[in-house]
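Quick note on labels: first sequence line is chain A, next is B, and so on, each numbered from 1.
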Protein chains: 2
Amino acid sequence: MPDFDACAALFKALAHPVRLQILSLLRAGEVCVCHMEAALGRRQAYISQQLMILREAGLIDSRKEGRQVFYWITEERTLRLLDDLFGPAPVENPALEACPCPRCAAANPSTLRLSEEEEPYAHH
Amino acid sequence: MPDFDACAALFKALAHPVRLQILSLLRAGEVCVCHMEAALGRRQAYISQQLMILREAGLIDSRKEGRQVFYWITEERTLRLLDDLFGPAPVENPALEACPCPRCAAANPSTLRLSEEEEPYAHH
DNA sequence: TACACCTATTCAATATTCTGAATGTAAATC
DNA sequence: GATTTACATTCAGAATATTGAATAGGTGTA
């Protein structure tokens with residue numbers, strides 16, 4: 001006899017558009033919160049709330065690196081389910097202009113120059 | 001871009017233990033409401049409420065035959081999802097003593113005799 | 001140490017879901 | 001036509017989920 005309560009709890013965690021968007025982002029591999037914030041255009045606290053629900057359902061896990069927190073999908077079967085739902089997974093997440101994390105900064109040299117080199121000439 | 005709202009709505013319909021039980025019953029083929037009532041041990045009105053939610057989500061469809069209503073799973077992909085969740089599907093639903101529908105009655109001759117033939121000897 | 005940055009948590013107001021009870025409806029039977 | 005049978009719908013109170021606002025916590029940096 002299957003555990004209908006446990007299954008229902010899993011589906012409950014999945015039954016939310018923003019949580020599905022987050023999982024969709026995580027299909028390409030681990031992602032930090034600030035990246036999700038930039039990609040989804042939602043406030044950070046809101047995303048953290050949804051991440052907590054996904055974490056408590058056992059769908060994702062997290063890892064701290066400096067002051068960032070990276071999340072990833074825990075189980076292979078979740079990835080397969082998302083493939084069924086959304087089609088084949090993207091190999092890589094795009095770098096986002098609005099995302100301040102090191103990965104995105106490295107891929108966005110224009111943004112890097114403004115913060116790490118000299119001011120624009122107009123200011124002189 | 002996937003339709004996250006539509007997917008979330010689907011999961012919402014699945015996110016309930018009794019609704020999952022109903023779908024699990026329907027894996028073996030179409031089933032009438034009184035059969036579900038006997039199999040799940042729930043009141044009829046309650047089951048009808050859950051059936052309505054599954055119907056509105058497009059997961060099941062129904063057919064009237066006399067005063068009974070038979071339900072079945074609409075899409076093949078739903079059956080595959082249930083297989084993933086619960087393992088391979090049973091080929092047939094068992095006949096239930098408590099179910100008055102013709103199919104179960106035919107498979108339960110003892111029950112049949114009581115209602116269609118003479119009273120037990122003890123009553124004479 | 002003080003500060004800025006990135007993330008997590010708590011709180012409260014609102015919205016939605018759940019579930020029992022009562023009632024409605026349509027088909028078959030008497 | 002009245003009754004029974006099988007199922008559907010409506011209603012209301014309780015429980016739960018949603019989401020914005022405020023704030024707390026930990027980590028790197030000046």
Can you give the first and last nucleotides of DNA chain C, 5' to 3', that have an atom under 4.0 Å from a heavy atom of chain B?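 The protein-touched segment is C:dT17 to C:dT29.
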For DNA chain C, find the residues of residues 1-33 of chain A with a heavy-atom distance under 4.0 Å and give them by number; none if there aren't any.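 Listed by number, they are A:Cys32, A:Val33.
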Send over the distance from [X] [atom1] to [N] [atom2], rounded to a whole Å.
| X | N | atom1 | atom2 | value |
| --- | --- | --- | --- | --- |
| A:Arg42 | D:dG20 | CZ | C1' | 12 Å |
| B:Leu40 | D:dC7 | CG | P | 13 Å |
| B:Lys64 | D:dA6 | NZ | P | 14 Å |
| B:Phe70 | D:dA6 | CZ | P | 11 Å |
| B:Ile47 | D:dT9 | CD1 | C1' | 16 Å |
| B:Glu37 | D:dC7 | CD | P | 8 Å |
| B:Ile53 | D:dT9 | CD1 | C1' | 13 Å |

What I'd like to find out is whether the side chain of [X] reaches to under 4.5 Å of the side chain of [Y], using heavy atoms alone.
| X | Y | result |
| --- | --- | --- |
| A:Leu82 | A:Ile73 | yes |
| B:Leu26 | B:Leu54 | no |
| B:Ile47 | B:Val18 | no |
| B:Phe11 | A:Leu20 | yes |

Need one value for A:Tyr71: base, sugar-phosphate or nothing, where a base atom within 4.0 Å counts as base even if backbone is also close, heavy atoms only.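 Sugar-phosphate only.
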Please determine whether a side-chain nitrogen of the Lys or Arg among A:Glu30 and A:Arg63 lies less than 4.0 Å from a carboxylate oxygen of the Asp or Glu.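 A:Arg63 and A:Glu30: salt-bridged.
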Decide, yes or no, whether a salt bridge links B:Arg77 with A:Asp84 under the criterion of side-chain N to carboxylate O below 4.0 Å.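 Salt bridge absent between B:Arg77 and A:Asp84.
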B:Met52 side chain: which of D:dG26, D:dA6, D:dT9 is closest?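 Given the options D:dG26, D:dA6, D:dT9, the side chain of B:Met52 is closest to D:dT9.
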Going through the distances and angles, do B:Cys7 and A:Phe86 end up as a side-chain contact (heavy atoms from CB on, under 4.5 Å)? CA-CA 9 Å; B:Cys7 287; A:Phe86 300 143; 3.6 Å; yes
Using only side-chain N and O atoms of A:Arg43, determine if any of them is under 4.0 Å from OP1 or OP2 of D:dT19.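 No, because none of the side-chain N or O atoms of A:Arg43 sits under 4.0 Å from OP1 or OP2 of D:dT19.
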I want to check one thing: is the phosphate of D:dC7, taken as OP1 and OP2, less than 4.0 Å away from some side-chain N or O of B:Tyr46?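 Answer no for this pair, as no side-chain N or O of B:Tyr46 is under 4.0 Å from OP1 or OP2.
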NE2 of B:His16 to CD1 of B:Ile22: how many Å apart, nearest 0.5 Å?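 These two atoms lie 9.0 Å from each other.
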For the side-chain hydrogen bond (donor to acceptor under 3.5 Å, both in side chains) test, which of B:Arg42, B:Gln21, B:Arg55, B:Arg19 pairs with B:Gln50?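 So, applying the side-chain hydrogen bond (donor to acceptor under 3.5 Å, both in side chains) to B:Gln50 and each of B:Arg42, B:Gln21, B:Arg55, B:Arg19, only B:Arg19 qualifies.
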B:Gln49 or B:Gln44: which one's nearest nucleotide on DNA chain C is closer to the 5' end?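 Checking each residue's closest nucleotide, the 5'-ward one belongs to B:Gln49.
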